[in-house]
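Because the structure is a prediction, the values reported are computed rather than measured.
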Amino acid sequence: MQPLKLSPFQVFWRSILMLIQAAPKEIRSLTLLTLLGGISPPLVLFFNKIIIDEVSHLLSLEVKPNLLDFVEQEPLLWGSIGGLILLNWLSDSIPSITNFWLSSLRDRVEGFVQVKVFQKIAYFEDIALFETPELLNLIQLTELGIQRFQQLSFLLMTTLNGFFIFVPSFFLSSLLAWWIPLILFTVTAPSVYVDLKYQKASWIVEKTQASVNRKMNLYKEVLIHEAYAKELRLLNLQSFFMERWQNLFQVKFQAMQQIRRRGKLAVMAWSIVSVLGMVLPYIYVVLGAIKGNYSLGDLAFYAGLILQVRQSLFLLINNSADLYDIILGISPIFRIFALKSNLFLSSLRGLDKENCLSNHQNKHQARHQQQGIEIKNVSFSYPGKKGKF
């Protein structure tokens, strides 16, 4: 009875399907809201560009129009101001609505996943699930994976928001120069690889510490559970169990801290390269405005776009690294779901009705023909052990 090995992509795909199954209404609503929130920043920059260009044109006129002529002759300016007001209203309204749907999504997903895990473990026929250290560690990791599923729902929405900001910003910045989004992506990619590498290393450490977590939970139960309160105080064992728990915590903490420290230093080093890559597009836009190739509105528009491309890239990068970490943490849930029992009882469930009926009749006839119970060649062994008893 070995747990199934799943790739991160398989876990990710199964997680998405489970989220949709758990909360389809919330997923649809949040996707629409993130789409509106994602396309708003590029539109705000575009309306600002029009306003700056129109105001610059009016300031260059020798004869300024009166108020009525100003209203009639500048519909583009007024339309842009109206669009800016509408987008700001949406930007203020969307977060509160999104928080409502996110809370609903988190609660629905938590209840749905917990029920699935409880059903799998409670109805699992083979008691070896609780007698094998590897499977006990898997159950421990599954409990942590349920918490990661809550984080997954929130992270997916923020990732979608970054994606919806990135796509229009990437396209519009490519109109300025084809190499601008390319160079921004190129200088950012190494930090993604480094971050993902250390996220995986952190998960490996966490996975190997599953037995430590189980021991810590046992000591915690003794320290705080009412079932052990009398014996704990009668024998004065508080210091003993506290010291054991703290020692295990330090082992776990130091192992994780070492990985985190190395990872953050590597990411910071590559971030310097990313900042230098962002400077080149800025210089290109400023020089173009000085030469007269771009208006003041273009300067504000493209400078803002470059910043949005970089920010959305970093959002996608950071979320991708966090998403990878969460997917690794969720994988024990699907390994538990795929676990099959070695007991003969599980094979009986695959029989059709006719075989089951025939088997029942044979047993009934044999019961009348025999008296008593005879047992031959019976042995027992622990899972993973060669010796028999």
Neighbour count above 12 (heavy atom, 6.0 Å) for [X] [atom1]:
X    : atom1 : answer
W13  : CH2   : no
F154 : CZ    : no
Q250 : CD    : yes
F166 : CZ    : yes

Please report the interatomic distance [atom1]([X]) to [atom2]([Y]), rounded to the nearest 0.5 Å.
X    : Y    : atom1 : atom2 : value
I94  : T34  : CD1   : OG1   : 9.0 Å
L35  : L30  : CG    : CG    : 12.5 Å
L105 : L156 : CG    : CG    : 9.0 Å
R14  : F9   : CZ    : CZ    : 11.5 Å
R244 : M216 : CZ    : CE    : 14.0 Å
R233 : E231 : CZ    : CD    : 10.5 Å

Report yes if the distance between the aromatic ring centroids of W245 and F241 is under 6.0 Å, otherwise no.
no

Considering all heavy atoms, the nearest [X]-[Y] contact:
X    : Y    : value
F149 : V109 : CD2-CG1, 3.8 Å
L87  : S40  : CD2-OG, 3.9 Å
S80  : I51  : CB-CG1, 3.8 Å
I27  : I20  : CG1-CA, 4.5 Å
I165 : G38  : CG1-O, 3.2 Å
L45  : L305 : CD1-N, 3.5 Å

Honestly curious: do [X] and [Y] fall in one hydrophobic cluster under the side-chain, below-4.5 Å linking rule?
X    : Y    : value
L43  : F171 : yes
L235 : Y219 : yes
F249 : L223 : yes
V167 : F46  : yes
V222 : L237 : yes

Using modelled atom types and a 3.5 Å cut-off, is there a donor and acceptor pairing between side-chain atoms of [X] and backbone atoms of [Y]?
X    : Y    : result
S29  : E26  : no
S295 : D298 : yes
T158 : L155 : yes
K120 : F337 : yes
R335 : S331 : no
N161 : M157 : no

Under 4.5 Å between any side-chain heavy atoms of Y302 and K49, yes or no?
no

Got F12 and L323 here, is their nearest side-chain heavy-atom distance under 4.5 Å?
yes

Show your reasoning for whether side chain to side chain contact (heavy atoms under 4.5 Å, CB included) applies to M18 and F334.
CA-CA 11 Å; M18 184 168 285; F334 294 101; 4.0 Å; yes

Can you list everything that forms a side-chain hydrogen bond (donor to acceptor under 3.5 Å, both in side chains) with N217? Sequence neighbours excluded, please.
Q140

Considering residues at least two apart in sequence or located in another chain, which fulfil the side-chain hydrogen bond (donor to acceptor under 3.5 Å, both in side chains) criterion with K116?
none

Passes side chain to side chain contact (heavy atoms under 4.5 Å, CB included), N293 versus L287? Steps please.
CA-CA 9 Å; N293 296 332; L287 292 177; over 6 Å; no

For side chain to side chain contact (heavy atoms under 4.5 Å, CB included), just list the numbers for Y228 and H225, CA-CA rounded to whole Å, side-chain angles, deciding distance to a tenth of an Å, and then say yes or no.
CA-CA 6 Å; Y228 309 101; H225 202 279; 4.0 Å; yes

Kindly indicate, with the supporting measurements, whether the criterion side chain to side chain contact (heavy atoms under 4.5 Å, CB included) is fulfilled by W89 and L86.
CA-CA 5 Å; W89 175 74; L86 177 61; 4.0 Å; yes

